[in-house]
Amino acid sequence: MIVKSVDDIFSTKDIKIPNDEFQKIIGQDNAIRLVKMAVKQRRHILLVGPPGIGKSMIGRAMASALPLPKEQISVQYNPKKPQRPILRIERRDGKNQFEYNLKPIPYEMIPDDVADKLGIRCKQCGGYSEPSKDICPYCLNKKSSSRNPTFMYKFDKKRNFITKNTILDNGDYVMEIYFVDDDKVYKYQKPKDNTPIPDAILSRIDMDNYDRKIIVPFDRPLFVQVVAKTESEMFGDVEHDPYGAHPDLGSPHHERVVPGAVHEAHEGILYIDELSTMEPNIQRGLLTAMQDKKFPIAAKNTHGTGAVVKVENVPCDFILVGAINVVDLESIHPALRNRISGYGYEILLNTWMPINEENIYKTYQFVAQEIVNDGKIPHAHISALHEIIKVSKMIAKSYDDVNGLTLRLRYLGGIIRVAGDLAVLDEEEYILSRHVQEALRIAKPVESQIRSIVGNNWWKNLTIDYGNYVSDNRDVR
Ligand SMILES: Nc1ncnc2c1ncn2[C@@H]1O[C@H](COP(=O)(O)OP(=O)(O)OP(=O)(O)O)[C@@H](O)[C@H]1O
Ligand SMILES: [Mg+2]
């Protein structure tokens with residue numbers, strides 16, 4: 001039975017958890033309204049508020065509302081200048097794919113010179129076979145040697161396409177592209193006008209021409225959280241290889257290119273916790289990335305073998321979601337803050353909400369979500385829910401000095417999990433009110449545990465290694 005009214009609830013089983021990630025976030029309706037707008041219009045946001053009130057949750061919900069990424073970014077071996085890998089951007093463009101739905105052509109229809117080079121025709125006996133086969137099945141000679149153009153680099157894969165230019169009798173010039181895909185051969189004839197070769201074709205030929213490394217794949221999470229905040233992590237790097245690009249021992253330049261969080265968050269959300277603790281030079285770099293929507297990848301270690309390698313203009317079109325405490329607002333680089341507020345929203349989150357039936361129901365919904373997410377604890381009986389509401393009011397009173405329900409929910413979530421563990425220990429079918437009461441005693445932060453032992457002056461003498469030596473006097477509530 002799924003109910004909507006607080007009075008009909010027997011346990012959290014009766015509560016429907018919304019599918020929409022935004023609806024799972026309780027008590028932040030105003031913020032959600034702005035955040036949804038920010039996603040739609042691709043604006044940056046700054047979420048301001050204390051720990052555990054759903055800042056990360058909002059960031060994730062934003063990512064879930066974004067369309068699938070359209071671009072895939074690769075770096076490719078550059079035969080002319082290996083230390084400047086070629087940047088390739090493929091677009092997922094359904095329309096093009098269908099427009100150029102070419103049919104494979106039979107091997108026999110392929111001009112001999114093309115068939116030789118693609119490794120379809122055996123030069124020795126003239127027999128046709130799949131290009132993936134290196135040995136001719138008719139004369140058992142190796143046919144791959146014929147498609148090893150001299151300019152090819154050691155790390156290259158086999159070439160999968162040939163362009164054939166023919167000058168017709170009337171002086172017209174025809175360019176045909178033959179390419180191999182999954183052992184089938186396709187022909188694309190470039191129109192006489194200057195129409196560029198369609199992406200759908202290019203993506204099937206160029207990409208396999210030389211070895212490449214996909215650094216930002218189509219299939220990727222759109223929520224990228226930056227934790228360590230080093231320059232390498234933020235803006236990418238080129239790895240050092242003690243053997244450099246030595247053909248036998250080293251690794252090719254492009255293989256060592258590593259994207260940064262700004263690139264991985266391309267078309268998605270770049271979520272940065274504690275924006276204020278980020279070093280000023282990284283804040284400045286971030287500002288550049290936000291302005292240009294492109295950022296070069298270069299080695300951060302200027303003495304390594306990667307130092308010569310650079311890839312310019314790597315796309316990084318992300319939505320920045322910065323999270324910060326009110327008290328730290330001042331330490332954000334003014335230009336960065338300006339950039340966010342000028343092109344987005346600064347949002348102050350609620351730490352509590354008024355007590356009414358709707359908000360009580362939302363708190364129940366929160367409890368249900370925490371239980372289901374945890375997966376290891378039973379549902380909460382209504383008596384436990386009543387107890388949790390008491391705790392919620394208590395937290396609101398002690399932290400925010402209001403008569404309300406708290407939105408500092410990480411703490412409340414912790415109590416629910418401890419209560420759940422106690423219910424499991426008791427082999428109860430539901431979390432009951434006594435489990436919540438006991439959880440509250442257990443889940444007290446160490447500071448308040450000490451305070452209840454030695455009183456409010458506990459921090460006055462930090463040289464004492466406080467323990468529970470006066471545990472008989474412990475105030476349990
Ligand atoms: N408004 C909310 N609605 C529902 N659940 C919430 C809400 N706020 C917090 N939670 C719960 O608390 C957990 C912690 O929230 P979250 O990680 O989003 O906090 P935060 O504000 O990012 O904290 P921090 O500043 O420490 O990173 C969430 O995973 C969720 O279970
Ligand atoms: Mg967080």
Side-chain angles (χ1 to χ4, degrees), residues 12 15-36 45-65 221 223-229 261 265 269-278 319-329 331-332 346-355 358-377 379-380 385 388-389 391-392 395-396 399-400 404-421 431 439 443 445:
T12 43
I15 292 166
K16 183 168 162 45
I17 297 173
N19 288 327
D20 179 65
E21 295 298 320
F22 283 116
Q23 285 175 22
K24 289 185 185 153
I25 303 164
I26 69 163
Q28 306 290 357
D29 296 355
N30 184 46
I32 302 291
R33 205 170 52 86
L34 293 175
V35 158
K36 282 187 172 167
I45 63 169
L46 188 61
L47 296 173
V48 188
I53 59 168
K55 298 188 291 294
S56 301
M57 219 177 158
I58 291 176
R60 286 209 180 79
M62 288 176 78
S64 75
F223 181 77
V224 175
Q225 186 161 13
V226 185
V227 190
K229 297 171 192 153
I269 305 285
L270 179 64
Y271 185 92
I272 305 181
D273 248 330
E274 292 164 56
L275 206 53
S276 56
T277 60
M278 206 161 59
I319 299 176
L320 177 77
V321 178
I324 193 168
N325 262 305
V326 184
V327 289
D328 295 326
L329 268 177
S331 31
I332 308 182
E346 292 189 353
I347 304 172
L348 182 65
L349 297 179
N350 299 329
T351 53
W352 62 280
M353 54 187 177
I355 304 168
E358 192 190 343
N359 289 341
I360 287 175
Y361 183 84
K362 280 187 179 162
T363 303
Y364 290 176
Q365 178 198 316
F366 160 75
V367 179
Q369 285 170 188
E370 294 293 298
I371 289 171
V372 170
N373 278 348
D374 186 78
K376 287 179 290 204
I377 54 176
H379 273 286
L385 287 172
I388 287 165
I389 293 293
V391 179
S392 169
I395 300 172
Y399 278 90
D400 296 293
L405 296 168
T406 192
L407 288 171
R408 296 172 192 262
L409 293 172
R410 183 184 287 126
Y411 182 51
L412 200 57
I415 290 171
I416 295 164
R417 277 180 290 278
V418 176
D421 289 348
I431 302 175

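Just so you know, these numbers come straight off a predicted model, no measurement behind them. For ligands, and for the atoms within them, numbers begin at 1 and follow the listed sequence.
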*Could you find the nearest protein heavy atom to atom 23 (O) of ligand 1 and give me its residue, atom name and distance?*
Gly52 N, 2.8 Å
*Strictly under 4.0 Å, does any heavy atom of Ala323 approach an atom of ligand 1?*
no
*Looking only at distance, does Gln28 have an N or O less than 3.5 Å from an N or O of ligand 1?*
no
*Please assess Ile58 against Leu349 for the test side-chain contact (heavy atoms from CB on, under 4.5 Å), listing each intermediate value before the final yes or no.*
CA-CA 11 Å; Ile58 291 176; Leu349 297 179; 3.9 Å; yes
*Which residue holds the protein heavy atom closest to atom 3 (N) of ligand 1, what is that atom called, and what is the gap in Å?*
Ile26 N, 2.9 Å
*Please say which of Val35, Asp29, Asn30 ends up in a side chain to side chain contact (heavy atoms under 4.5 Å, CB included) with Arg33.*
Asn30
*Please could you name the atoms of ligand 1 that Asp273 approaches to less than 4.0 Å, counting only its heavy atoms?*
27 (O)
*Is it the case that more than 12 heavy atoms not belonging to Asn19 sit under 6.0 Å from its CG atom?*
no
*What residue and atom, counting heavy atoms only, is the protein's closest point to atom 21 (O) of ligand 1, and at what distance?*
Lys55 N, 2.8 Å
*Is Leu409 in polar range of ligand 1, meaning some N or O pair under 3.5 Å apart?*
no
*asked:* Between Ile415 and Ile388, is the side-chain contact (heavy atoms from CB on, under 4.5 Å) condition met? List the steps.
replied: CA-CA 9 Å; Ile415 290 171; Ile388 287 165; 5.8 Å; no
_Any nitrogen or oxygen of Ile53, side chain or backbone, less than 3.5 Å from one on ligand 1?_
yes
*asked:* If you take the nearest heavy atom of each of Glu370, Met57, Lys24, which one is closest to atom 18 (O) of ligand 1?
replied: Met57
*Okay, side chain of Gln369, backbone of Ile17: is any donor-acceptor separation there less than 3.5 Å?*
no
*Hey, does Arg410 come in under 3.5 Å of ligand 1, counting only N/O atoms on both sides?*
yes
*Would you mind telling me which of Arg408, Lys55, Arg410 makes a side chain to side chain contact (heavy atoms under 4.5 Å, CB included) with Pro50?*
Arg408
*Under 2.8 Å: N/O/S of Met57 next to the Mg ion (ligand 2)*: no
*Going by the order shown, which atoms of ligand 1 are within less than 4.0 Å of some heavy atom of Ile25?*
1 (N), 3 (N)
_Given Leu329, Leu348, Ile347, the one that forms side chain to side chain contact (heavy atoms under 4.5 Å, CB included) with Leu46_ = Leu329
*asked:* How long is the straight-line distance from OG of Ser64 back to CZ of Phe223, given to the nearest 0.5 Å?
replied: 10.5 Å
*asked:* Tell me the closest heavy-atom pair linking Gly27 and Leu407, and the distance in Å.
replied: O-CD1, 3.4 Å
*Heavy-atom nearest neighbour of atom 16 (P) of ligand 1 within options Gly414, Ala61, Gly54*: Gly54
